[in-house]
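So the structure is just underneath, and the comments pick up after that.
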Amino acid sequence: MNRLEFFTPVRIARGHGRPVEEIDNVNEAMTFLRHWPKGRRGPVYQCALNCCAAALAGQMSAEEARKAFTGFARITRLLDDDIALPIRGEKMESAYTPRR
């Protein structure tokens, strides 16, 4: 596994009827962030951008950058979280239970 790959992809949902996009690594997250509209770049965006840049420079792990990018996606309501990942000790079947 490449040191810049995410353990699990971040799923981005841009709207109803549009396909879900999977961001698999720091480079893809950085590309996504660079295309984000300038008028919508706030502190959460800047944090995600800084973390991705740090991961690219080897100063931070890909998973730390993933957490920051996931936070950005959640705040901007782009995070596709229809499927909940199991919490430690839960069975895998619970991963397919929709969140509400």
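A quick note: this is a predicted structure, and the numbers were derived from the prediction, not measured.
Side-chain atoms of Val20 and Ile12, non-hydrogen and from C-beta on, never get closer than 4.5 Å to each other. Two residues are said to be in side-chain contact when any heavy atoms from C-beta on lie closer than 4.5 Å; Arg41 and Leu33 fail this criterion. Using a 4.5 Å heavy-atom cutoff, the side chains of Leu79 and Thr70 are in contact.
Cluster annotation: Val10 is connected to Val44 through the hydrophobic network of ILVMFWY side chains, with a link wherever side-chain heavy atoms come within less than 4.5 Å. Linking ILVMFWY residues whenever their side-chain heavy atoms come closer than 4.5 Å, directly or via other members, places Val26 and Tyr45 in the same cluster.
Residues Ile23 and Glu28 share a closest heavy-atom pair of CA-OE1, 3.4 Å. The minimum heavy-atom distance linking Ala48 with Ala68 is given by the pair CB-O, 3.8 Å.
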Problem set entry | Step-by-step side-chain contact (heavy atoms from CB on, under 4.5 Å) determination, Trp36 to Thr76 | CA-CA 11 Å; Trp36 191 248; Thr76 56; 3.7 Å; yes

For this session: Evaluate side-chain contact (heavy atoms from CB on, under 4.5 Å) for Phe32 paired with Leu78, printing each intermediate quantity in order.
Result: CA-CA 12 Å; Phe32 185 91; Leu78 291 173; 3.8 Å; yes

For this session: Go through the steps for Phe6 and Asp24 under the test side-chain contact (heavy atoms from CB on, under 4.5 Å), then give the verdict.
Result: CA-CA 6 Å; Phe6 296 153; Asp24 296 309; 5.7 Å; no

Exercise. Taking it one step at a time, do Leu4 and Leu56 satisfy side-chain contact (heavy atoms from CB on, under 4.5 Å)?
Worked result: CA-CA 7 Å; Leu4 296 176; Leu56 287 171; 3.8 Å; yes

Problem set entry | Stepwise side chain to side chain donor-acceptor pair (under 3.5 Å) check, Arg3 with Ser61 | CA-CA 8 Å; Arg3 73 168 185 84; Ser61 74; over 6 Å; no

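Between Arg11 and Glu21 there is no salt bridge, since none of the side-chain N atoms of the basic residue sits less than 4.0 Å from a carboxylate O of the acidic one.
Atoms NZ and CD, from Lys67 and Glu63 in turn, are 7.5 Å apart once rounded to the nearest 0.5 Å. For the atom pair CZ (Phe69) and SG (Cys51), the distance works out to 12.0 Å, reported to the nearest 0.5 Å.
One N or O on the side chain of Arg66 and one on the backbone of Thr8 form a donor-acceptor pair closer than 3.5 Å.
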